[in-house]
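Values in this document were obtained by computation on a predicted structure and should not be read as measured data.
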Amino acid sequence: MSTTTAPSVVITPTRTARRSLRRPRFTAYALLAPSAVFLLGFTYWPVLQVLAGAMTVHAFGGASHWGTGNFVRLLGDPHFARAVVNNLIYAAGTIIPSLLLALGLALGLKETTRLSAVLRTFLVLPLLIPLVAAASLFVFIFLPGAGLLDYYLARFGLGQTNWLGNPSLALGSIIAITVWKNTGYYMLFFLAGLAGVPPELLDAAKIDGAGAWRRFLHVTLPMLGPTLAFVLVIAMLNVLTQVDHVVVMTQGGPSDATTVLLYYIFQQAHQNYDPGLASAATVVSVGFLLALSLISLRTLDRGLHYES
């Protein structure tokens, strides 16, 4: 019994068909080109410039060479060490209270009522005020003797306090402004995260006899894991990038008590005219922030996800 095989037919696309297949690809590239130009010009090119500046060591007479001399000078600079310590204190003093207050306020205001809507509005109002304007306002609030804070403290028998001129109080004053400014912002994220917690899980835990604290610890908090990781990264970015209030209120003083990393970079680049040291400090700061962000995302982004 013989079998016959049909001859295979190879269809080759014509030139017109090939052009029609390539046209959507060219259209996509043309649409992406403006965004790619802006991304290259305002993101990747500045990053490359900073890396090149950090590795370029300028010598006397205008000569320059490649090397790690800027990083050696940076690690040996006591002002940089003081800025790192100040930034760590500033981070601990702003991130922990801000997140705790924001989470507590979100838990207390998650039910939508008229009172909670009014309170949410008042808590979010600082977010609408530019940091420069808020810093200018707090300069008058912290004014020794004549400021609003000293005016009310005088009723309790407390004397005049130089909040911004005392090295032991200046950084705490900057921290207080940051907590006041960012708490309402973080609260919005926690409110959104709480809205995604399935109520049936809370009801099931309540039926099983779990109290309010156990329901929060074993149901609500794990479900807020991704939100907490995201807010923590945002908070660390704010700690490293918010410097307007330092410029307006203290200019890093007194005695470098409020000099944080970004203000140190600003001083080296625009006051001391040392771009190599400023670039090296930028690379170290961004690398440290990237490492902390990756660690926080890996350790905290382990919340429970449920599909509806």
Side-chain angles (χ1 to χ4, degrees), residues 35 39 42-44 47 87-112 116-117 119-131 134 174-202 205 213 215-245 260-262 282-308:
S35 299
L39 187 64
F42 295 98
T43 301
Y44 294 116
V47 169
N87 227 136
L88 292 176
I89 297 174
Y90 177 71
T94 55
I95 292 177
I96 297 175
S98 297
L99 295 186
L100 291 178
L101 284 173
L103 182 57
L105 292 171
L107 290 171
L109 301 175
K110 66 178 180 179
E111 300 296 335
T112 303
S116 65
L119 292 177
R120 289 178 188 177
T121 302
F122 279 107
L123 291 171
V124 175
L125 279 179
L127 175 62
L128 305 178
I129 303 175
L131 190 55
I174 299 295
I175 289 173
I177 298 172
T178 307
V179 172
W180 170 81
K181 186 76 168 59
N182 293 337
T183 298
Y185 178 54
Y186 302 149
M187 182 193 68
L188 295 178
F189 292 105
F190 286 125
L191 285 173
L194 289 173
V197 177
E200 56 269 16
L201 294 180
L202 297 173
W213 172 249
R215 291 198 302 270
F216 168 74
L217 192 62
H218 297 286
V219 178
T220 304
L221 191 59
M223 292 293 296
L224 286 177
T227 303
L228 183 59
F230 176 77
V231 175
L232 184 58
V233 173
I234 295 297
M236 287 189 295
L237 285 173
N238 289 335
V239 164
L240 191 62
T241 58
Q242 288 182 344
V243 75
D244 302 11
H245 50 332
V260 291
L261 285 173
L262 190 56
T282 302
V283 172
V284 172
S285 302
V286 173
F288 182 69
L289 177 63
L290 180 61
L292 286 180
S293 301
L294 292 176
I295 292 173
S296 64
L297 287 175
R298 286 181 176 272
T299 55
L300 293 178
D301 193 10
R302 296 177 181 177
L304 300 177
H305 300 271
Y306 292 90
E307 295 182 0
S308 57

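Between the CH2 atom of Trp180 and the CG atom of Leu127 there is a distance of 10.0 Å, given to the nearest 0.5 Å. For the atom pair Leu188 CG and Leu191 CG, the distance stands at 6.5 Å (nearest 0.5 Å). The line from OH of Tyr90 to CD1 of Ile95 is 9.5 Å long, rounded to the nearest 0.5 Å. Between atom NE2 of residue His245 and atom CD1 of residue Ile174 there is a gap of 5.5 Å, rounded to the nearest 0.5 Å. Taking CG of Leu100 as the reference point, atom CG of Leu105 lies at 10.5 Å (rounded to 0.5 Å). Residue Leu125 holds its CG atom at 7.0 Å from OG1 of Thr121, rounded to the nearest 0.5 Å.
Under the 4.5 Å side-chain criterion, counting only non-hydrogen atoms from C-beta, Leu103 is in contact with Leu224. A 4.5 Å side-chain heavy-atom check between Met187 and Val124 finds at least one atom pair inside the cut-off. Side-chain contact between Val179 and Ile175: present, with at least one pair of heavy atoms (C-beta onward) separated by less than 4.5 Å. Side-chain contact between Leu228 and Phe189 is absent, with no heavy-atom pair separated by less than 4.5 Å. Counting only heavy atoms from C-beta outward, the side chains of Gln242 and Thr94 never approach each other to under 4.5 Å.
Of all heavy-atom pairs between Glu111 and Ser116, the closest is O-OG, 2.8 Å. Among all heavy-atom pairs drawn from Val219 and Ala205, the shortest one is CG2-CB, 4.1 Å. In terms of heavy atoms, Ala134 sits closest to Ile129 at N-CG2, 3.9 Å. Across every non-hydrogen atom of Pro97 and Ala92, the tightest pair is CD-O, 3.5 Å.
Counting heavy-atom neighbours within 6.0 Å of Glu200 CD, excluding the residue itself, gives a total above 12.
Side-chain atoms of Asp244 do not come within 3.5 Å of backbone N or O of Leu131 as any donor-acceptor pair. Remark: side-chain polar atoms of Arg120 are paired, donor with acceptor, to backbone N or O of Lys110 under 3.5 angstrom.
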- prompt: Passes side-chain contact (heavy atoms from CB on, under 4.5 Å), Ser285 versus Leu240? Steps please.
  reply: CA-CA 8 Å; Ser285 302; Leu240 191 62; 4.1 Å; yes
task: In sequence, state the C-alpha distance, the side-chain angles, and the governing distance for Phe288 and Leu261, and then conclude on side-chain contact (heavy atoms from CB on, under 4.5 Å).
output: CA-CA 11 Å; Phe288 182 69; Leu261 285 173; 5.9 Å; no
Worked check of side-chain contact (heavy atoms from CB on, under 4.5 Å) between Leu123 and Leu109: CA-CA 11 Å; Leu123 291 171; Leu109 301 175; 3.6 Å; yes
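Under the ring-ring contact (aromatic ring centres under 6.0 Å, His included) criterion, Phe216 pairs with Trp213, not counting sequence neighbours.
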